[in-house]
Protein chains: 2
Amino acid sequence: MIEPIPTQTLQRLPLYLNYLKSLPSDEVLNISATMIAEELRLNDVQVRKDLAMAGQGGRPKIGYPVKDLISDIEHCLGYDNIERVVIVGLDNMGRALLKYEGFSEYGFDIVAAFDFDESVIGTHIFGKQVLSVEKLPKICSRMKIKMGIITVGSKEAQSVCDLLVKSGIMAIWNFSSVRLKVPDKIIVQNENLASSLAVLSNHLVEKFRSV
Amino acid sequence: MIEPIPTQTLQRLPLYLNYLKSLPSDEVLNISATMIAEELRLNDVQVRKDLAMAGQGGRPKIGYPVKDLISDIEHCLGYDNIERVVIVGLDNMGRALLKYEGFSEYGFDIVAAFDFDESVIGTHIFGKQVLSVEKLPKICSRMKIKMGIITVGSKEAQSVCDLLVKSGIMAIWNFSSVRLKVPDKIIVQNENLASSLAVLSNHLVEKFRSV
DNA sequence: TAGATTGTTAATCGATTAACAATC
DNA sequence: TAGATTGTTAATCGATTAACAATC
């Protein structure tokens, strides 16, 4: 039995990866958790625990071998295991995702992009052909796609979601502000800008109350 | 002394707000925490605690008055207290934010948009004029802007951040994948797509290991 | 009164941090 | 050996959930 990785650890792993990759690989062969922690402003024990979940472990006084650590983390995050996904909605957010650092870097391959808007259907955006949403069910079921990204507006979100579920999709990354209703089996991850804004807005208020 | 609101509560408040606003205001005058919890798939005690932090409280057997609750939450989130912000980087992510449900709905007013790219400088995007980054320090300090949004690439992120800090900005919403280095006083909120991807990717792997 | 609902207090759970032993 | 660093065990902290009393 492989033990599951806590969500918080999962969220920090890309930070480590990003930092490790920024190191000059010919100069820095080993790195200590203490160093990583200081650089990313985290607790060093926390870094060590996180790394223990993802990798092989380090050596006292020496630290962790950078190269191995990078590949261990990438493996742990599934970046070496390509997952085919579809995206629905090619507004600015959809385009930002399409462009986002290749996406492929993270083991995702966007095999199809869908939209309702007649004016973009048939065109290519960042090298991907845009198809009509009508074609979604056929393509998803035929290609056995398991994951979909929703970047359409609030109005269309639930119906697009239903369509994806009907087409056999198992996981949905939801950028709309709607709380999607799905069968229990389906994984939904909400990316909620309003929530982030709420946190930030409140921090600001807190800050300036004392000043 | 007003007690601070926990981050998790803060993140859920917009969900409640969204749901409450979706109700037909002439039909539903009061709503129970039990109902909200069921609808958003949360624990009802949690909803009650959250609402207690934001609002006036409800009445047994009756619930919470919808109208009051909406304005209480909005007030609590600072949405009725307009904060002027600037945004740097008008790539797709920057545009998505500019467009995002008006932004103004959440009490933020984007007073200026900056970019490096000569081809967009001087143009208008969603009604906002795009200015050269060179003009940033003068405008921010003159207008006493306290908040900035960074949607530039990894390369430019830290230098834009330094520029914002030098110009008197106190809070930064960071969409780049770089871990920004700032003085202790400055609030940074990171919006990390890679972290979200990591969580989702892992959920998928977990899911299909058992199947 | 009975039942739904609120709100509070206590128990549980999970994540972070502190203390410390083991190791190179 | 001394000191830096890993890794583990225990303590702390914060958030969620359960139990229950109060109220309309």
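Side chains included, hydrogens not; waters and symmetry mates left out as well; all remaining heavy atoms used. Proteins get letters first, then strands, A, B, ... in listed order; numbering begins at 1 in each.
Ring planes of Tyr79(B) and Tyr106(B): perpendicular class, angle over 60° (limits at 30 and 60°).
Within a 6.0 Å radius of CG in Asp26(A), more than 12 heavy atoms belonging to other residues, nucleotides or ligands are found.
For the pair Asn43(B) CG and dA18(D) P, the interatomic distance rounds to 6 Å; values are reported in whole Å. Rounded to a whole Å, the CE atom of Met35(A) is 15 Å from the C1' atom of dA4(D).
Side-chain atoms of Thr9(A) and Asp50(A) include a donor-acceptor pair closer than 3.5 Å.
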Review point. Given the rule that a pair is Watson-Crick or G-U wobble with both distances under 3.5 Å, how would you write DNA chain C in dot-bracket, using | for pairs to a different strand?
Key: ..||||||||||||||||||||||

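The nucleotide whose nearest atom lies closest to any side-chain atom of Pro6(A) is, among dA15(C), dC24(C), dT16(C), dA15(C). Between dT5(C), dA15(C), dA15(D), one nucleotide has an atom nearer to the side chain of Gln8(A) than all others, and that is dA15(C). Among dG7(D), dA18(D), dT6(C), the nucleotide with an atom closest to any side-chain atom of Tyr64(A) is dG7(D). When each of dT5(D), dC24(D), dT17(C) is scored by its nearest atom to the side-chain atoms of Ser32(A), the top-ranked nucleotide is dT5(D). Nearest nucleotide to the Val45(A) side chain, out of dT6(D), dT6(C), dA19(C): dA19(C).
At the heavy-atom level, Ala52(A) lies nowhere under 4.0 Å from the strands shown.
Dashed line: the shortest gap from a side-chain N or O of Arg48(A) to OP1 or OP2 of dG7(D) is not under 4.0 Å. Contact annotation: Thr34(B) reaches the phosphate of dT6(C) (side-chain N/O to OP1 or OP2, under 4.0 Å).
Below the 3.5 angstrom threshold, one finds a donor paired with an acceptor across the side chain of Lys49(B) and the base of dT17(D).
Panel note: side chain Gln189(A), backbone Ser196(B); a donor-acceptor pair is recorded below 3.5 Å.
Among Leu131(A), Val130(A), Leu90(A), Val152(A), the single residue meeting the side-chain contact (heavy atoms from CB on, under 4.5 Å) criterion with Phe114(A) is Leu131(A).
Once rounded to the nearest 0.5 Å, the distance linking CG of Leu29(B) with CG of Asp68(B) reads 10.5 Å.
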